[in-house]
Participant: 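Can you keep this structure in mind? I'll have questions shortly.
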Amino acid sequence: MAQSCIDLLYGELYQEGRACLETAGIEEAELDARLLLEFVCKTDRNTLLAHGDREVTVEECERYRELIGKRAAHVPLQHLTGEQDFMGLTFLVNSDVLVPRQDTEILVEEAMKHLHDGMRILDLCTGSGCILLSLLHYSNDCEGVGTDLSPQALAVARKNAERLREKRPDMKARFLEGDLFGALEEHFDMIVSNPPYIETGVIDTLMPEVREHEPLMALDGGADGLAFYRKITAQAGAYLNGGGMLFFEIGCEQAEAVCGLMAAAGFCEIRVVKDFAGLDRVVYGIWFG
C-alpha cells in the first residue's frame with residue numbers, strides 16, 4: 001500500500017514514482033519520475049539532491065501519483081507536461097501533434113546552413129510548427145507558411161507562434177489548413193517537411209507511446225512509407241523559386257528512394273545528411289526550374 005501523502009518527503013515520493021515506472025517497464029523510469037516531480041512541484045533537478053527531505057503537499061502528492069499512473073500506462077511524458085524542448089525553444093504539444101524529436105533538429109540545422117535573410121519558407125505537414133518556427137526564430141526578416149490537414153494541429157502551431165512572438169515580435173508565420181500545397185498560390189525559397197513516413201504495416205509494432213497516443217495521420221506514410229515524398233517532390237517545383245531548395249526528414253532506410261524521387265522530379269545537387277547515430281536522416285536538393 002502506498003504511503004499516506006501526509007508528511008511524505010520529496011525524495012520518498014520520487015522513489016515511489018520511479019519504482020512504479022520501472023515496474024511498468026518504462027525505459028527511462030528514473031528520468032521521467034524526476035521530471036514529473038519537478039513539473040508538479042515547480043522545482044529543478046537540484047532539488048532531489050539538495051532538498052530530498054523537503055515536504056510535499058497533499059495536493060502535490062496526489063497530482064504526482066495521478067501523472068505517474070498515466071505515464072505507467074505509456075502516455076507520453078510530453079503529453080503530461082504539455083511541453084517539449086526543441087532547438088533550444090519550448091513548444092506546446094498534445095495528442096494532436098507529433099512530439100518534436102531530436103532527430104528532427106538535424107533537418108532544422110541543415111536548412112539553417114542554407115537560410116539567408118529575407119527568404120520565404122514553406123513547412124509541409126507542420127504539426128506543432130516546431131520546424132518552421134525554429135527557422136524563423138533563428139533567422140532575420142524571413143517569413144513562412146506552415147500547412148497541415150489537421151485543424152487541431154494548426155491550433156497548436158498557432159499557439160506556439162504566439163508564445164515565440166513574445167521573444168520575437170517581428171516573427172512572420174502563417175498557418176493554413178490544406179492538403180500539402182492545396183491552400184497555396186505563392187512561391188518560396190525553401191520548402192521543408194517531416195512528412196508521415198512510417199510504413200502502414202509497421203505502425204502496429206511501434207512503441208505504445210507512439211502507436212496509441214500520437215496522431216496516426218502524422219505517422220502513416222502508406223504501404224512503403226513513401227507516399228508523401230512522391231506527392232511533394234512531384235509538386236514542389238511549381239512552388240519554388242529558381243535556386244530554391246527542398247529539405248526532407250526521412251526514415252533511416254529511405255535515402256536512396258527519396259533521392260531517386262527528387263532526381264526524377266528535376267532536383268539537382270541532392271545530398272544526404274546523417275544524424276548523430278550515423279543513420280541517414282535528411283535529404284535535400286536544389287530546384288533550378
Side-chain angles (χ1 to χ4, degrees), residues 35 39 70-71 74-112 115 121-139 142-168 171-184 188 190-198 203 206-207 209-221 228 232 247-251 275 281-282:
L35 291 176
F39 172 70
K70 291 181 178 180
R71 184 70 191 100
H74 295 277
V75 176
L77 173 73
Q78 297 86 352
H79 290 181
L80 300 176
T81 63
E83 295 182 340
Q84 170 69 358
D85 288 343
F86 179 82
M87 291 298 298
L89 305 169
T90 300
F91 290 90
L92 298 173
V93 295
N94 59 26
S95 59
D96 295 317
V97 299
L98 288 181
V99 174
R101 290 167 169 80
Q102 186 177 24
D103 288 341
T104 304
E105 293 187 352
I106 305 297
L107 172 65
V108 175
E109 290 167 354
E110 199 61 34
M112 285 174 59
L115 187 61
I121 310 163
L122 171 62
D123 178 18
L124 299 172
C125 310
T126 193
S128 67
C130 66
I131 295 172
L132 176 64
L133 295 173
S134 296
L135 290 171
L136 294 176
H137 180 84
Y138 292 115
S139 62
C142 292
E143 57 182 294
V145 176
T147 70
D148 204 291
L149 263 181
S150 168
Q152 293 83 7
L154 291 171
V156 175
R158 292 184 181 113
K159 288 180 182 177
N160 280 320
E162 291 172 9
R163 281 163 53 107
L164 288 176
R165 284 194 183 102
E166 295 176 6
K167 299 179 181 179
R168 289 288 305 269
M171 181 179 287
K172 301 173 184 176
R174 293 182 292 130
F175 294 97
L176 304 175
E177 183 178 346
D179 185 1
L180 300 178
F181 301 96
L184 300 169
F188 299 88
M190 179 180 289
I191 297 175
V192 293
S193 185
N194 177 19
Y197 59 71
I198 306 297
I203 289 175
L206 299 176
M207 295 173 56
E209 283 85 347
V210 177
R211 182 181 71 242
E212 298 174 8
H213 297 283
E214 298 206 74
L216 178 63
M217 68 183 298
L219 299 170
D220 193 344
F228 285 86
I232 292 171
F247 290 81
F248 282 124
E249 179 174 334
I250 60 166
D275 61 22
R281 187 57 59 191
V282 171

Participant: Is a side-chain donor or acceptor of Asp275 paired with a backbone partner of Asp103 at a separation under 3.5 angstrom?
Facilitator: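 It does not hold such a pair.
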
Participant: Test your reading of the model: is there a side-chain donor-acceptor pair from His74 to the backbone of Glu209, 3.5 Å cut-off?
Facilitator: no

Participant: Just how far is it from atom CG of Asp96 to atom CD of Gln152, taken to the nearest 0.5 Å?
Facilitator: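 Those atoms lie 5.5 Å apart.
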
Participant: Might you work through the side chain to side chain contact (heavy atoms under 4.5 Å, CB included) test for Ser95 and His213, ending with a clear yes or no?
Facilitator: CA-CA 6 Å; Ser95 59; His213 297 283; 5.8 Å; no

Participant: Ignoring hydrogens, what is the shortest heavy-atom contact between Ala157 and Leu133? Give both atom names and the distance.
Facilitator: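 Of all heavy-atom pairs spanning Ala157 and Leu133, the closest is O-CD1, 3.9 Å.
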
Participant: At their closest point, which heavy atom of Glu105 faces which heavy atom of Met87, and how far apart are they?
Facilitator: OE2-N, 2.8 Å

Participant: With sequence neighbours left out, write down each residue that passes side chain to side chain contact (heavy atoms under 4.5 Å, CB included) with Arg158, or none if nothing qualifies.
Facilitator: Leu154, Phe175

Participant: Please enumerate all residues that pass ring-ring contact (aromatic ring centres under 6.0 Å, His included) together with Phe188, with sequence neighbours excluded.
Facilitator: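 Phe188 satisfies ring-ring contact (aromatic ring centres under 6.0 Å, His included) with no residue once adjacent residues are dropped.
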
Participant: Give the minimum heavy-atom separation between Pro100 and Gln84, together with the two atoms involved.
Facilitator: O-NE2, 3.3 Å

Participant: Can you tell if the side chain of Phe248 reaches within under 4.5 Å of the side chain of Ile191, non-hydrogen atoms only?
Facilitator: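 They are not in side-chain contact.
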
Participant: Run the side chain to side chain contact (heavy atoms under 4.5 Å, CB included) check on Phe91 and Leu164 step by step: do they pass?
Facilitator: CA-CA 9 Å; Phe91 290 90; Leu164 288 176; 3.8 Å; yes

Participant: Donor-acceptor pairs under 3.5 angstrom involving side-chain atoms of residues 123-132: please list them, not counting sequence neighbours.
Facilitator:
unit_1: Asp123; atom_1: OD2; unit_2: Thr126; atom_2: OG1; d: 2.7
unit_1: Ser128; atom_1: OG; unit_2: Cys130; atom_2: N; d: 3.4

Participant: Is there a side-chain contact between Leu80 and Phe39 in this structure, where contact means two heavy atoms from C-beta onward sitting under 4.5 Å apart?
Facilitator: no

Participant: List the residues meeting ring-ring contact (aromatic ring centres under 6.0 Å, His included) with Phe247, not counting sequence neighbours, and say none if there are none.
Facilitator: His114, Tyr284

Participant: Would you say the side chain of Ile232 lies within less than 4.5 Å of the side chain of Leu180, judging by non-hydrogen atoms?
Facilitator: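 Side-chain contact under 4.5 Å: yes.
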
Participant: Heavy-atom distance under 4.5 Å between the side chains of Glu177 and Leu149, does that happen here?
Facilitator: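 No - every pair of side-chain heavy atoms lies 4.5 Å or more apart.
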
Participant: If every non-hydrogen atom of Phe228 is compared with every non-hydrogen atom of Asp220, which pair is closest and at what distance?
Facilitator: CE1-O, 3.6 Å

Participant: Kindly check if the number of other-residue, nucleotide or ligand heavy atoms within 6.0 Å of CD (Glu109) is above 12?
Facilitator: yes

Participant: Mind checking the CZ-CD spacing from Arg101 to Glu249? Nearest 0.5 Å is all I need.
Facilitator: 9.0 Å

Participant: Should Leu107 and Arg281 count as side-chain neighbours, where that means a heavy-atom distance under 4.5 Å?
Facilitator: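 The answer is no, as the side chains (C-beta and beyond) never meet within the 4.5 Å cut-off.
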
Participant: How close do Glu214 and Val97 get, counting heavy atoms only, and between which atoms?
Facilitator: OE1-O, 3.8 Å

Participant: Run the salt bridge (Lys or Arg N to Asp or Glu O under 4.0 Å) test against Glu83 and tell me which residues pass, sequence neighbours left out.
Facilitator: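 Salt bridge (Lys or Arg N to Asp or Glu O under 4.0 Å) check on Glu83 returns Arg163.
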
Participant: Do Lys172 and Cys142 have side chains that get closer than 4.5 Å, going by heavy atoms?
Facilitator: no

Participant: Does a side-chain heavy-atom distance below 4.5 Å link Leu89 with His137?
Facilitator: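 A side-chain contact exists here, since the closest heavy-atom pair is under 4.5 Å.
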
Participant: Any idea which heavy atoms bring Ile250 and Val282 closest together, and the distance?
Facilitator: CG1-N, 4.0 Å

Participant: Among all residues two or more places apart in sequence or in another chain, which pass the salt bridge (Lys or Arg N to Asp or Glu O under 4.0 Å) test with Arg168?
Facilitator: Asp170

Participant: Could you check whether any side-chain N or O of Ser139 sits under 3.5 Å from a backbone N or O of Leu135, counting only pairs where one atom can act as donor and the other as acceptor?
Facilitator: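 Answer holds: yes.
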
Participant: Do Phe86 and Thr104 make a side-chain contact, defined as non-hydrogen atoms from C-beta onward lying under 4.5 Å apart?
Facilitator: yes

